[in-house]
Peer 1: 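One structure, as structure tokens, below. Some questions next.
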Amino acid sequence: QEAGMPDPRHELGRDKLVEKIIDFVGESRDTIRRQIRAMGSSCDWSRERYTMDPQLNRCVNGVFARMFRDGLIYRAPRIVNWDPHLQTTVSDDEIEHQERHAKFYTIKYGPFLVGTSRPETKLGDTAVAVHPDDERYREHIGKVYEVQWPKGPKISVRVVADEEVDPETGTGALGVTPAHSAVDFDIAERHDLPLIQVIGEDGRMTEAAGEHYAGMTVEECREAFAAELEAAGLMVEVKDYVQQTSICYRSKKPIEPLPKPQWFIAVDKPAVPWKGRRLSLKQVLRDAVASGDIRILPDHQEKTYFHWIDNLRDWCISRQIWWGHRVPVYYRGEEDMYVGHEPPVGDGWAQDEDTLDTWFSSALWTWSTLIDPELAKDPSKSLRELLAESPDYRKFHPTAVMETGYDILFFWVARMILMTTYATGEVPFRTVYLHGLILDKDGDKMSKSKPETAVDPTEVIQESGADILRLSMMLGNAPGQDLKLTPERMTGCQRLVTKIWNASKLIDVTVGRIVDAGVRSALAVPEAPEHPVNRWMLDRLRELIVRVDGRFAAYAFGDAAEQIRQSFWNELCDFYLEAIKVEPLSGSRETAAVLMHALRTYLKLFHPYMPFVTEHLWGELVDGESMLLHAQWPEAPAAHDFAETEAVDAVVRLVAAVRGVRAEQNLEPGAQIELAVEATSHQAVFEACGPIIARLVRASEVQWIDAGADEPANASLAVDPDFKAAVSLGEADRQAERQRLEKQLAHTEKRLAGLEKQLANENFVTRAKPEAVENVRRNAEDARATLESVRERLAALGA
RNA sequence: AGACCCGUAGCUCAGUUGGUUAGAGCGCUACGUUGACAUCGUAGAGGUCAGCGGUUCAAGUCCGCUCGGGUCUACCA
């Protein structure tokens, strides 16, 4: 239509149109393939499938035929959602709701007053329904009234009693229009009422609406009829009213409920064998998740799923469109009908013109894709035989994890559960991981129907690279949470990727200085290096792996990435890579081994998030022969759980504390300071780290003070449970030092007061977990020790 | 109308089973660096965790209500 062909179906005919669609599909498929590859997804491309592949069609037909035999698929005239614009039915799930400012009319109707927002449908009324207990109308039940509509037909309405009618709503009398309302259709079935269709498939009034109105559009007729009612004195009231209207998700045009024979799936019929019982499809849907056979993440989405099942009605699966799996039903004359996965033998058979809802074939996805394409060519095989004999099906079904957006839970996930439990007797997957949606900077969700919100991955990749795009969508994002993809978000990821590149280069150069290139690959991970900082690095890596594995197990991929980033930046780059610039670490072979181990480990951990950069670095710096993609996921060796870790953590704190003093005392940034340290614990590790400390805080050297000895007089003192560090001031700024200490004093006192209050609470000490109490005790002791030191120092300074 | 989600630093968001002093990125301030760093480093400012009530020794976390924002579902004539 956009290319200037107003009615392509008419002008081209079925075969030509389908050919054009095939061309279009080919282009889309190429785009999708390009995008998925550019994103670096690791797919098994040898098993690529398309829903229209012959083997999948075979499964569609087979399932349809079996469901028909089991009475789960039926054809019946029902009220369907008809799109007059697209000339097809659409399913309940393909309808969107829109508010429309409308009028609410109250019409005099025989002895009743009846309310409606669609007066034009009243031309096709065949009954008035009231609640059986409604005293106001009891006398009328069972009677028949003739109503002459102005310039319209004379209709005859029977008064029926029906529980569905709510006496509180409107006047309590409901004009029944069986042909144009699903509720009314059901009422008509219960009371065997006739059906008059006054709106046609073209969206215009039919002859049944009377000569005057026939041919008008629905809107025209509404206005014209309302005016006539007014003139005839039958219009009692007209109010403004906000109406919820149904529109088609694709055409965005109003849906017209119409009676039409269509194919349906019966969701309430108990015909499915499941766990030794015969259940309805609805019941199986419910059981698959309620029993825990399938887990939906995040958990709260299970509620949404159950809510959907509760409201599910029979699913209309036939469409009057030409692209799709054709309904496998064949007719001959008026009488003969054949349903099967192969066309019937003999002449004179014509296939049903309709196609199936796209979700019908998508619902078979987890197993139809695993059916052996060769076996599927054999028409003598039953569906059960195809399943039993297809190696991929036997090996890979059920799928472990189904990952998709939560907006598609009903369309796809629920229908896969429905169809797969029926067709295979198995659940399609064990875990459903529902990710969030991508939002633009204004918070609007990315969607095909709103091109301005769409992000084309290939464009972003051209500019920033796939790794940064991937990271931006994962780093720090919680499961199922929507995500604003903004330039600011990508900036941080850009920096991380660059940092990894640079740190890897430094590791490469450093290792190259220590060992020959040929020896590098022979560097084994040291079991127990000598230097505490090397031990610390191995232990940090070990613990990081444990944390990341834990986060992965919880499907918290964003948090896992955050953990890796923190460790990489703060522990490796900011501390370890600085520490090893100092002797004896700088020249030691064990440092080279730890460096290579760290590089390998971080590359592996980052690889799922940024496959391209890490793969490249792996090839250049670690192993040119193998691929990182194929490498073993890192394991956390228990042997690397070293006791020195706590001590080196104290060293890290010492460095930070001294830097803090430097900043607060406004010491000349380039100047070397004189530093004296009393290690109240971990003396050996502190002393081993002396040169590192000296470098990181720009001290000429570290002087060690014996426990209890006096600190230098003209110095600023940093106090910690594990150490006291004195920075000589030369021209002492006592005022600044006093302020700094008083700040720490106030802070520590406040903290201690809180801790002591907690310990004084009998209930806390007796009822809280012992570890919690022990923690508070230890912290209180530390705080007291710190206070004492700070007070002493203040006193010494006081004079 | 019903269901669900969200409300935490200027912005975008983390915060696992309730447990010390609530975190990150971006932005901001000051200083420094250009011998891994398409910069980076160091230090810092910034939060009554929407509000009210409850449970508990202990609540950002559990429960109830209210107010805001959003999504989905719906056959009110």
Side-chain angles (χ1 to χ4, degrees), chain A residues 79 92-93 95 97 104 114-118 121 129 164-166 168-177 181-186 243-244 246 257 298 300-301 303-304 306-308 310-311 313 406-407 409-410 436-437 439 441 443 445 475-478 480-484 486-496 498-499 501-510 550-551 554 556 558-559 562 565-566 573-574 577-578 581 656 659-664 666 669-670 696-697 747-748 750-751 754-755 758 761-769 771-773 775-776 778-780 783:
Chain A
I79 298 294
D92 291 346
D93 288 333
I95 286 178
H97 298 272
F104 189 80
V114 162
T116 183
S117 60
R118 301 197 57 189
T121 64
E164 272 296 292
V165 180
D166 176 8
E168 305 297 319
T169 308
T171 62
L174 166 66
V176 181
T177 320
S181 152
V183 189
D184 294 9
F185 185 88
D186 291 344
Q243 190 193 13
Q244 303 292 324
S246 304
H300 68 81
Q301 292 287 358
K303 291 184 201 164
T304 316
F306 289 130
H307 186 250
W308 176 80
D310 290 340
N311 291 299
R313 293 181 293 167
Y406 63 76
D407 55 338
L409 175 62
F410 311 134
L437 309 177
L439 309 179
K441 60 179 177 2
K445 84 168 186 181
L475 195 63
N477 182 242
Q481 260 351 90
D482 293 348
L483 178 117
K484 273 191 196 176
T486 57
E488 297 76 45
R489 195 176 188 99
M490 294 185 57
T491 306
C493 299
Q494 167 90 59
R495 288 181 192 169
L496 176 59
T498 307
K499 187 84 176 173
W501 184 267
N502 289 317
S504 300
K505 264 176 22 194
L506 175 65
I507 291 174
D508 181 50
V509 170
T510 308
R551 301 288 68 210
D559 193 19
E562 190 61 39
R565 194 182 67 78
Q566 296 281 344
C573 294
D574 290 347
L577 290 184
E578 294 304 320
K581 290 174 180 169
R659 282 170 172 168
V661 169
R662 285 195 73 121
E664 283 183 71
N666 279 320
L696 293 184
V697 303
H747 175 84
T748 314
K750 199 177 153 199
R751 173 133 195 266
L755 294 167
Q758 212 173 352
N761 183 341
E762 192 68 23
N763 280 323
F764 172 68
V765 180
T766 52
R767 293 201 208 174
K769 281 179 293 190
E771 309 95 85
V773 180
N775 249 330
V776 175
R778 207 169 46 233
N779 286 323

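Throughout, protein chains are lettered first and strands after them, A, B, ... in sequence-line order, and every chain is numbered starting at 1.
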Peer 1: Which of the following nucleotides, B/A77, B/A43, B/A24, is nearest to the side chain of A/V165?
Peer 2: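 Of all the options, the side chain of A/V165 is nearest to B/A77.
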Peer 1: Would you say B/G35 has OP1 or OP2 under 4.0 Å from some side-chain N or O of A/K505?
Peer 2: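 For A/K505, the contact criterion (side-chain N or O under 4.0 Å from OP1 or OP2 of B/G35) is not met.
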Peer 1: Using whole Å, report how far CD of A/E578 lies from P of B/G35.
Peer 2: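 Roughly 13 Å, once rounded to whole Å.
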Peer 1: When all nucleic acid strands are considered with a 4.0 Å heavy-atom cut-off, which category describes A/A554: base, sugar-phosphate, or nothing?
Peer 2: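 A/A554: no heavy atom of the nucleic acid under 4.0 Å.
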Peer 1: Measuring from A/L755:CG to A/R778:CZ, what's the distance to the nearest 0.5 Å?
Peer 2: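 Result: 12.0 Å between the selected atoms.
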Peer 1: Using the side-chain heavy atoms of A/L506, tell me which of these nucleotides is nearest: B/A36, B/G15, B/U71.
Peer 2: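 Closest nucleotide among those given: B/A36.
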Peer 1: With hydrogens left out and only the distance checked, is there a donor-acceptor pair under 3.5 Å joining A/R662's side chain and the base of B/U42?
Peer 2: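 When only heavy-atom distances are counted, A/R662 does not reach the base of B/U42 through any donor-acceptor pair under 3.5 Å.
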Peer 1: Under 4.0 Å between any heavy atoms, over every strand shown, what does A/D574 touch: base, sugar-phosphate, or nothing? Just pick one.
Peer 2: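 The answer is sugar-phosphate, as A/D574 gets under 4.0 Å only of primed atoms, P, OP1 or OP2.
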Peer 1: Hey, does the side chain of A/D482 reach the backbone of A/G436 with a donor-acceptor pair shorter than 3.5 angstrom?
Peer 2: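 No.
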Peer 1: Could you give the distance separating B/G44 and B/U61 at their C1' atoms, to the nearest angstrom?
Peer 2: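 B/U61 and B/G44 have their C1' atoms separated by 30 Å.
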Peer 1: Could you work out, with salt bridge (Lys or Arg N to Asp or Glu O under 4.0 Å) as the rule, every residue matching A/E488, not counting sequence neighbours?
Peer 2: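 For A/E488 there are no salt bridge (Lys or Arg N to Asp or Glu O under 4.0 Å) partners, ignoring immediate neighbours.
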Peer 1: Rounding to an integer number of Å, can you tell me how far A/K303 NZ sits from B/C72 C1'?
Peer 2: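 That distance rounds to 15 Å.
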Peer 1: Which part of the nucleic acid, if any, lies within reach of A/Q494 when heavy atoms closer than 4.0 Å are counted: base, sugar-phosphate only, or nothing?
Peer 2: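 Touches nothing.
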Peer 1: Taking the side chain as everything from C-beta on, heavy atoms only, tell me whether A/L409 gets closer than 4.5 Å to A/Q301.
Peer 2: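 Yes; the side chains approach each other to less than 4.5 Å.
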Peer 1: Let me spell it out: for each of A/F104 and A/N502, pick the nucleotide of RNA chain B with the closest heavy atom. Which residue's pick is nearer the 5' end?
Peer 2: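 Here A/N502 is the residue nearer the 5' end.
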Peer 1: Is A/T116 touching bases, backbone alone, or none of the nucleic acid, heavy atoms closer than 4.0 Å?
Peer 2: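 Answer is sugar-phosphate: A/T116 comes under 4.0 Å of backbone atoms only.
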Peer 1: By nearest atom, which of the nucleotides B/A14, B/U12, B/G2 is closest to the A/H307 side chain?
Peer 2: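 When the side chain of A/H307 is considered, B/G2 is the closest of B/A14, B/U12, B/G2.
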Peer 1: What nucleotide among B/A77, B/A14, B/C5 has an atom nearest to a side-chain atom of A/H300?
Peer 2: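 It is B/C5.
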Peer 1: Taking only N and O in the side chain of A/R495, is any of them less than 4.0 Å away from OP1 or OP2 of B/G27?
Peer 2: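 It does, given that an N or O in the side chain of A/R495 lies less than 4.0 Å from OP1 or OP2 of B/G27.
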Peer 1: Heavy atoms under 4.0 Å, any strand shown: does A/T486 hit a base, just sugar-phosphate, or nothing?
Peer 2: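 Touches nothing.
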Peer 1: Can you work out whether A/L483 or A/C493 has the more 5'-proximal nearest nucleotide on RNA chain B?
Peer 2: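 Its nucleotide being nearer the 5' end, the pick is A/L483.
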Peer 1: Mark yes when over 12 heavy atoms from residues, nucleotides or ligands other than A/K750 sit less than 6.0 Å from its NZ; otherwise mark no.
Peer 2: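 Counting other residues, nucleotides and ligands, NZ of A/K750 stays at 12 neighbours or fewer.
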Peer 1: Which nucleotide in the set B/U21, B/A36, B/U73 lies at the smallest distance from any side-chain heavy atom of A/R751?
Peer 2: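 Looking only at heavy atoms from C-beta outward on A/R751, the closest nucleotide is B/U21.
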Peer 1: Quickly work out the A/F764 CZ to B/A59 P distance and round it to whole Å.
Peer 2: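 For the pair A/F764 CZ and B/A59 P, the rounded distance is 12 Å.
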Peer 1: Expressed as a whole number of Å, how far does the P atom of B/U29 sit from that of B/G51?
Peer 2: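 The same atom, P, in both gives a distance of 30 Å.
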Peer 1: Kindly indicate whether the side chain of A/T177, heavy atoms from C-beta on, has any atom under 4.5 Å from the side chain of A/R118.
Peer 2: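 Result no, sub-4.5 Å side-chain heavy-atom pair not found.
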Peer 1: If you measure from the P atom in B/C4 to the same atom in B/G47, how many Å do you get, rounded?
Peer 2: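 Taking atom P in both B/C4 and B/G47, they lie 35 Å apart.
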Peer 1: Mind checking A/K499 for me? I need base, sugar-phosphate or nothing, with any heavy atom below 4.0 Å counting as a touch.
Peer 2: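 Base, at least one base atom sits under 4.0 Å.
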Peer 1: Any chance you could measure A/T498, atom OG1, to A/R495, atom CZ, to the nearest 0.5 Å?
Peer 2: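 A/T498 OG1 to A/R495 CZ: 9.5 Å, rounded to 0.5 Å.
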Peer 1: So which nucleotide from B/A36, B/C5, B/G2 ends up closest to the side chain of A/Q481?
Peer 2: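 Nearest nucleotide to the side chain: B/C5.
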Peer 1: Between atom CE in A/M490 and atom C1' in B/A38, what is the gap in whole Å?
Peer 2: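 Value for this atom pair: 16 Å.
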Peer 1: When rounded to the nearest 0.5 angstrom, what distance separates CD in A/E562 from CG in A/D559?
Peer 2: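 CG of A/D559 is found 7.5 Å from CD of A/E562.
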Peer 1: Give RNA chain B the dot-bracket treatment, 5' to 3': Watson-Crick (N1-N3 with N6-O4 or O6-N4) or G-U (N1-O2, O6-N3) under 3.5 Å, [ ] crossing, | other strand.
Peer 2: (((((((..((((.....[...)))).(((((.......))))).....(((((..]....))))))))))))....
Peer 1: Give me the distance, rounded to whole Å, that separates B/A1 from B/C76 when you measure between the P atoms they each carry.
Peer 2: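 It comes out at 13 Å once rounded to the nearest Å.
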Peer 1: Go through B/U21, B/A36, B/A43 for me and flag the one nearest to the A/H747 side chain.
Peer 2: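 Given the options B/U21, B/A36, B/A43, the side chain of A/H747 is closest to B/U21.
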Peer 1: Assess whether side-chain contact (heavy atoms from CB on, under 4.5 Å) is satisfied between A/R659 and A/L696, documenting all intermediate values.
Peer 2: CA-CA 9 Å; A/R659 282 170 172 168; A/L696 293 184; 3.9 Å; yes
Peer 1: Looking only at atom P, what distance separates B/G23 and B/U48, rounded to whole Å?
Peer 2: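 The answer is 15 Å between these two P atoms.
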Peer 1: Nearest to the side chain of A/S117, which nucleotide is it out of B/A14, B/A77, B/U73?
Peer 2: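 It is B/A77.
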Peer 1: Taking B/U66 as the reference, what is the distance to B/G25 when you measure between their P atoms (whole Å, please)?
Peer 2: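 Roughly 39 Å separates the two P atoms.
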Peer 1: With heavy-atom distances below 4.5 Å as the criterion, would you say the side chains of A/V661 and A/V697 are in contact?
Peer 2: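 When only atoms from C-beta onward are counted, A/V697 and A/V661 do not touch, as no gap falls below 4.5 Å.
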Peer 1: Roughly how many Å is it from CZ in A/R551 to C1' in B/A14, rounded to a whole number?
Peer 2: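 Result: 11 Å.
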Peer 1: Under 4.0 Å, counting only non-hydrogen atoms across every strand here, what does A/N775 touch: a base, just sugar-phosphate, or nothing?
Peer 2: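 Counting heavy atoms under 4.0 Å across all strands, the contact made by A/N775 includes a base.
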Peer 1: Send over the distance from A/E488 CD to B/G27 C1', rounded to a whole Å.
Peer 2: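 Checked: the CD to C1' distance equals 9 Å.
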Peer 1: Classify the nucleic acid contact of A/V765 as base, sugar-phosphate or nothing, counting any heavy atom under 4.0 Å across all strands shown.
Peer 2: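 Answer is nothing: A/V765 stays at 4.0 Å or more from every strand.
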Peer 1: When you measure from the side-chain N and O atoms of A/R565 to the phosphate of B/A24, is any distance below 4.0 Å, counting only OP1 and OP2?
Peer 2: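 So the side chain of A/R565 is outside the cut-off, no N or O lying under 4.0 Å from OP1 or OP2 of B/A24.
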Peer 1: Can any side-chain N or O of A/R565 pair as donor or acceptor with the backbone N or O of A/C493 at less than 3.5 Å?
Peer 2: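 No, because the side chain of A/R565 does not come within donor-acceptor range (under 3.5 Å) of the backbone of A/C493.
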Peer 1: Work out how far the P atom of B/U17 is from that of B/G2, and round it to whole angstrom.
Peer 2: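 Those two atoms are separated by 30 Å.
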Peer 1: Would you measure the distance from the P atom in B/A3 across to the matching atom in B/G64 and give it in whole Å?
Peer 2: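 Roughly 12 Å separates the two P atoms.
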Peer 1: Which of these nucleotides, B/C13, B/A3, B/G19, is closest to any side-chain atom of A/A772?
Peer 2: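 Of the options given, the side chain of A/A772 lies nearest B/G19.
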Peer 1: Decide yes or no, distance alone: a donor-acceptor N/O pair under 3.5 angstrom between the base of B/U42 and the side-chain of A/R659.
Peer 2: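 In this structure, the two groups form no donor-acceptor pair.
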Peer 1: How long is the line joining NZ of A/K769 and P of B/U56, in whole Å?
Peer 2: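 Taking NZ of A/K769 and P of B/U56, I get 18 Å after rounding.
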Peer 1: Give one of base, sugar-phosphate or nothing for A/A182, where a contact means two heavy atoms less than 4.0 Å apart.
Peer 2: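 Touches nothing.
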Peer 1: Just checking A/F410: base, sugar-phosphate only, or nothing, at a heavy-atom cut-off of under 4.0 Å?
Peer 2: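 Touches sugar-phosphate only.
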Peer 1: Please report, rounded to the nearest Å, how far the P atom of B/G41 is from the CG atom of A/L696.
Peer 2: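 After rounding, the gap between these two atoms is 14 Å.
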